[in-house]
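If you're wondering where the values come from, they're calculated on a predicted model, not measured in any experiment. In listed order, ligands and their atoms are each counted from 1. Computed from heavy atoms alone, side chains included, the values below leave out hydrogens, waters and symmetry copies.
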Amino acid sequence: MNMVAQSDIESRAACGVLTIDLAALVANYEQLCRLTAPGKAAAVVKADAYGLGVAQVAPALYDAGCRDFFVAHFIEAVRLKPHLAADARILVLNGLLPGSENDCADLGIVPVLNSLAQVANWSATAKARGTILPAAVQADTGMSRLGLEQAEADILLAEPARLEGIHVDIIMSHLACGDEPAHGANARQLARMGLVRSRFPDTKLSFSNSAGIFLGEDYRGDLARPGIALYGGAPYSGSGNPMRPVVRLEIGVVQTRTVPAGTEIGYGASFVAKSEMRLATIAAGYADGLPRHLSNSGAAYFGDVRLPIVGRVSMDSIILDVTALAPGTLKLGDMVELIGPHQTLEMIAADAGTISYEILTSLGRRYNRRYLSPAAR
Ligand SMILES: *Cc1c(COP(=O)(O)O)cnc(C)c1O
């Protein structure tokens with residue numbers, strides 16, 4: 001059997017369809033580029049492009065003009081490298097780990113240096129190789145997660161020899177509360193970033209994630225780092241989402257039944273029918289990235305009709321109350337919507353007590369993944 005036939009069979013065999021609209025992804029990228037101009041927009045493609053498939057997402061963004069790609073782990077950079085042309089820059093947010101320096105230099109990957117020890121290792125690597133190596137330097141401006149603390153930044157500025165062999169391409173920091181525009185931490189971080197920036201006046205500044213781009217011009221810097229907004233997630237909390245949806249998730253019905261009042265439903269019998277109900281079991285569960293916290297709380301949609309989840313989410317299936325639909329409406333193999341026009345990422349995340357990021361990065365591997373191509377350019 002050849003590969004094409006195998007993938008055709010797999011696409012027919014899957015009980016769920018995850019559609020990833022690369023045209024919408026590119027439209028979102030272009031919108032973010034307009035907002036960040038005259039600065040540029042990078043793309044954050046960590047965690048397999050937020051679960052959507054970095055092998056498809058990164059080349060689509062490259063074709064749309066993106067040249068800067070941020071990942072979290074060095075292994076992600078190593079795996080991304082073959083998917084991008086040589087003029088794309090790959091940066092590693094989590095920093096430079098001991099033992100990876102020469103691989104990083106060999107592959108032309110740009111580490112984000114998060115401590116004086118990392119600066120020292122990168123400088124030693126450059127000197128040993130007799131070359132100049134590029135880096136980004138991250139300052140911690142108030143999140144206490146990654147980056148040089150104020151005292152370390154002071155030492156670096158007082159002792160520039162520590163940067164020997166390193167060309168600092170980018171100075172960066174990350175916002176802790178960007179999605180809450182009124183939070184006082186934003187202005188405090190901006191002021192600290194301004195101080196660091198003033199000491200590296202000729203270096204490009206990277207400050208904003210998706211939310212930061214929408215905080216206003218002061219926050220944008222030279223190279224924004226959007227992630228969630230590219231993938232259609234709302235960049236800020238509250239109402240309204242200016243981004244185009246990228247993801248659609250539909251799951252197939254594998255059984256329907258009618259149960260009398262008093263029937264116990266699902267593991268732990270956590271739901272008991274109060275009256276006669278029609279039920280449909282659909283073919284996805286927590287192993288497919290639909291959180292168990294949706295038990296007795298979330299819903300699916302069939303057309304405009306909301307179908308509540310009843311009982312616990314199982315590993316491979318979920319039971320829906322389909323009483324609102326006329327008998328016989330749902331048949332074996334029919335698809336219901338979990339993410340789409342009736343139920344946004346934010347809605348399903350709220351029902352699961354989590355955020356859109358966690359829903360996206362948990363999306364399962366058992367779906368038939370369909371990529372809609374960007375419009376011919
Ligand atoms: C994940 C991440 C981003 C992207 O954040 P979004 O909120 O998804 O836009 C940007 N910068 C850093 C340092 C990150 O860790």
ask   = Step by step, would you call His174 with Asn209 a side-chain hydrogen bond (donor to acceptor under 3.5 Å, both in side chains)?
value = CA-CA 7 Å; His174 188 51; Asn209 63 342; 4.6 Å; no
key: Whether Gln343 side chain and Tyr301 backbone form a donor-acceptor pair below 3.5 Å   = no
ask   = Asp106 and Lys81: salt bridge (charged side-chain N to carboxylate O under 4.0 Å, His left out), yes or no, with the steps?
value = CA-CA 12 Å; Asp106 287 343; Lys81 184 80 187 163; over 6 Å; no
task = Could you tell me whether Arg220 sits above the aromatic face of Phe207, with NZ or CZ closer than 6.0 angstrom to the six-membered ring centre and within 45 degrees of the axis?
result = no
Polar pairs, ligand 1 vs protein, N/O only, below 3.5 Å.
unit_1: ligand 1; atom_1: 7 (O); unit_2: Asn209; atom_2: ND2; d: 3.2
unit_1: ligand 1; atom_1: 7 (O); unit_2: Tyr357; atom_2: OH; d: 2.6
unit_1: ligand 1; atom_1: 8 (O); unit_2: Tyr50; atom_2: OH; d: 2.5
unit_1: ligand 1; atom_1: 8 (O); unit_2: Ile228; atom_2: N; d: 2.8
unit_1: ligand 1; atom_1: 9 (O); unit_2: Ser210; atom_2: N; d: 2.8
unit_1: ligand 1; atom_1: 9 (O); unit_2: Ser210; atom_2: OG; d: 2.5
unit_1: ligand 1; atom_1: 9 (O); unit_2: Gly227; atom_2: N; d: 2.8
unit_1: ligand 1; atom_1: 11 (N); unit_2: His174; atom_2: ND1; d: 3.3
unit_1: ligand 1; atom_1: 11 (N); unit_2: Arg225; atom_2: NE; d: 2.9
unit_1: ligand 1; atom_1: 11 (N); unit_2: Arg225; atom_2: NH2; d: 3.2
unit_1: ligand 1; atom_1: 15 (O); unit_2: Lys46; atom_2: NZ; d: 2.7
unit_1: ligand 1; atom_1: 15 (O); unit_2: Arg145; atom_2: NH2; d: 3.2

Lys/Arg-Asp/Glu bridge criterion (N-O < 4.0 Å) met for Lys204, Asp169 = no
message = With a 4.5 Å cut-off on side-chain heavy atoms, are Gln56 and Leu52 touching?
response = no
